[in-house]
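Presented below is the structure to which this report refers.
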Amino acid sequence: MSETCIPERFAGWQAKWVRWKVVGRYALAMSALAGFSLLAGFETARISVSGRASQAAAPESQPNTALSQARASTTPDTSGAELARLAPQDQAERLLERAIQDDDTALDDLHARVDGWRGNLKNTDDLFNLVLEALNSKNLRVRTAAVEVDLAANNLSKSPESVTKLIQQLQSDPTTRGMSLWRLGSLGNRGVQPERVLTTLLHYTQSPSEHTRYWAVEGLAMLGNDATLDPLLDLLAHDPSPKVRERAASSLGQSGLLTREERLAAVPNLLNLADDDSLSLSTRQLVYGALRVITGAPLGNDANSWRAWWAGHDPARKQTRESKGQLFA
């Protein structure tokens, strides 16, 4: 199956997004679309790597309250000696399930054990679906836990050798390029040669292949540091593909591993893009959608309204005002 085709089971998500867009609920639509694109993209990339379609049900991009409650009540609260008796695969799944419920103890235990799991995990559908669900958490610690588990399940050590291995795969095997770009960003986020990772990802954002550029954007989102902001903004404004521009907007707004502070740092440049009449209407709509997701402000598609709002909410200006207040107190 081609890595670029979308499985039929995600068609419902696409139809739901269209209905949301029609009624103007753009911020909610962008959130749902981000989840759809992320899940569909990962699933199709993984199908290409594995050579078979997964039969597991796809997790939803937004938290399912009933599912979360059911999981919380049925997942054993394994810890200590009881957890140690489980196989590494079961340990990883149990702890990641608990981490998704924002269980801080499980998160601490997962981070303490994950390096010991490397080489002893299988990248099964069940585990991978948990990784995807964790990546949709609002808690950045849960997202990074998902990254740690995914790297361990794919036997990728946090070392320069793993970066070299993935770069070689990018060059030699285009069929696995999507997941290689994504995991390359993950390694950079965990502190492994982030400058080399950034340089490689930027190279692939210039690919003539829409599919490759899309996944290079995913890699930038997973790298998730302030050096990725300008490239993501440029891709949002100027990439010829609507899919790539949409993915860049989602990466700035909510997906990936950028911190809230890094996302807020992108707001002034997003405001500049909102004023740019050379951009298409659809691109500026993506800009406004990213602004709504980052800030939570329920404003429309008017640049002046956004600038006025930001003048009173810019963290840098607020800090300056507070500092001056302390000087004259």
Side-chain angles (χ1 to χ4, degrees), residues 38 41-42 45 111 114-115 118 131 135 140-141 143-174 176-239 241 244-245 247-270 272-273 290 294 316:
L38 182 67
F42 273 116
H111 283 290
V114 66
D115 287 335
R118 188 168 285 103
V131 166
L135 284 171
L140 190 59
R141 285 193 71 206
R143 295 189 188 198
T144 56
V147 167
E148 293 280 4
V149 170
D150 181 76
L151 291 174
N154 287 274
N155 200 22
L156 288 169
S157 62
K158 290 178 284 185
S159 66
E161 289 74 21
S162 291
V163 170
T164 298
K165 175 182 176 181
L166 290 176
I167 291 175
Q168 290 173 344
Q169 287 180 359
L170 289 171
Q171 297 166 347
S172 64
D173 188 2
T176 64
R177 185 166 287 168
M179 297 306 290
S180 295
L181 287 165
W182 182 80
R183 291 190 173 109
L184 192 62
S186 297
L187 282 168
N189 178 269
R190 305 324 296 151
V192 185
Q193 296 188 317
E195 295 84 4
R196 184 186 182 194
V197 167
L198 177 63
T199 299
T200 302
L201 293 173
L202 292 178
H203 168 74
Y204 283 97
T205 64
Q206 303 303 310
S207 169
S209 165
E210 174 191 69
H211 174 78
T212 297
R213 297 197 310 278
Y214 178 101
W215 280 97
V217 169
E218 287 287 1
L220 289 171
M222 296 308 294
L223 177 56
N225 58 39
D226 56 8
T228 66
L229 294 179
D230 284 344
L232 288 171
L233 287 160
D234 184 65
L235 289 158
L236 165 58
H238 300 119
D239 194 275
S241 164
V244 175
R245 295 197 302 273
R247 182 79 339 225
S250 180
S251 297
L252 288 164
Q254 65 181 29
S255 67
L257 296 175
L258 287 168
T259 65
R260 173 165 173 74
E261 291 74 19
E262 288 164 344
R263 297 184 199 279
L264 285 170
V267 168
N269 286 318
L270 287 169
N272 290 335
L273 294 180
I294 291 171

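All heavy atoms count here, side chains included; hydrogens, waters and symmetry mates do not. Every value quoted in this text rests on a predicted model; they were computed, and no experiment measured them.
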Looking at every heavy atom in both [X] and [Y], which two are closest together, and how far apart are they?
| X | Y | value |
| --- | --- | --- |
| Thr200 | Leu170 | CG2-CD1, 3.9 Å |
| Ala221 | Ser251 | CB-OG, 3.4 Å |
| Ala290 | Leu270 | CB-CD1, 4.3 Å |
| Leu140 | Thr259 | CD2-CG2, 3.8 Å |
| Tyr204 | Ala216 | C-CB, 3.8 Å |
| Ile294 | Gly253 | CG1-CA, 3.7 Å |

Would you confirm whether [X], through its side chain, and [Y], through its main-chain N or O, come within 3.5 Å as a donor-acceptor pair?
| X | Y | answer |
| --- | --- | --- |
| Asn154 | Leu156 | no |
| Thr205 | Leu202 | yes |
| Ser162 | Ser157 | yes |
| Arg177 | Thr212 | no |

Any heavy-atom pair between the side chains of [Y] and [X] that's under 4.5 Å?
| X | Y | value |
| --- | --- | --- |
| Glu218 | Leu181 | no |
| Leu223 | Pro194 | yes |
| Val197 | Asn189 | no |
| Arg247 | Ser255 | yes |
| Val217 | Arg213 | no |
| Leu257 | Arg190 | no |
| Leu198 | Leu220 | yes |

Quiz prompt | Sole residue of Arg118, His111, Lys158 in side chain to side chain donor-acceptor pair (under 3.5 Å) with Glu148 | solution =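 With Glu148 as partner, Arg118, His111, Lys158 yield a single side chain to side chain donor-acceptor pair (under 3.5 Å), made by Lys158.
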Quiz item: What's the spacing between Leu258 CG and Thr228 OG1 if we round to 0.5 Å?
Solution: 4.5 Å
Quiz item: If you measure from CE on Met222 to CG on Leu135, what distance do you get to the nearest 0.5 Å?
Solution: 5.5 Å
Quiz item: Out of Asn269, Val267, Leu232, Leu235, which residue meets the side chain to side chain contact (heavy atoms under 4.5 Å, CB included) rule with Leu252?
Solution: Leu232
Quiz item: Is a side-chain donor-acceptor pair under 3.5 Å present for Arg183 with Thr176?
Solution: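 There is no such pair between these side chains.
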Exercise. Give the C-alpha distance, both sets of side-chain angles, the deciding distance and a yes or no for side-chain contact (heavy atoms from CB on, under 4.5 Å) between Ser186 and Asp150.
Key: CA-CA 9 Å; Ser186 297; Asp150 181 76; 5.5 Å; no
Practice problem: Check the pair Leu264 / Arg260 against side-chain contact (heavy atoms from CB on, under 4.5 Å), numbers first and verdict last. | Solution: CA-CA 6 Å; Leu264 285 170; Arg260 173 165 173 74; 4.1 Å; yes
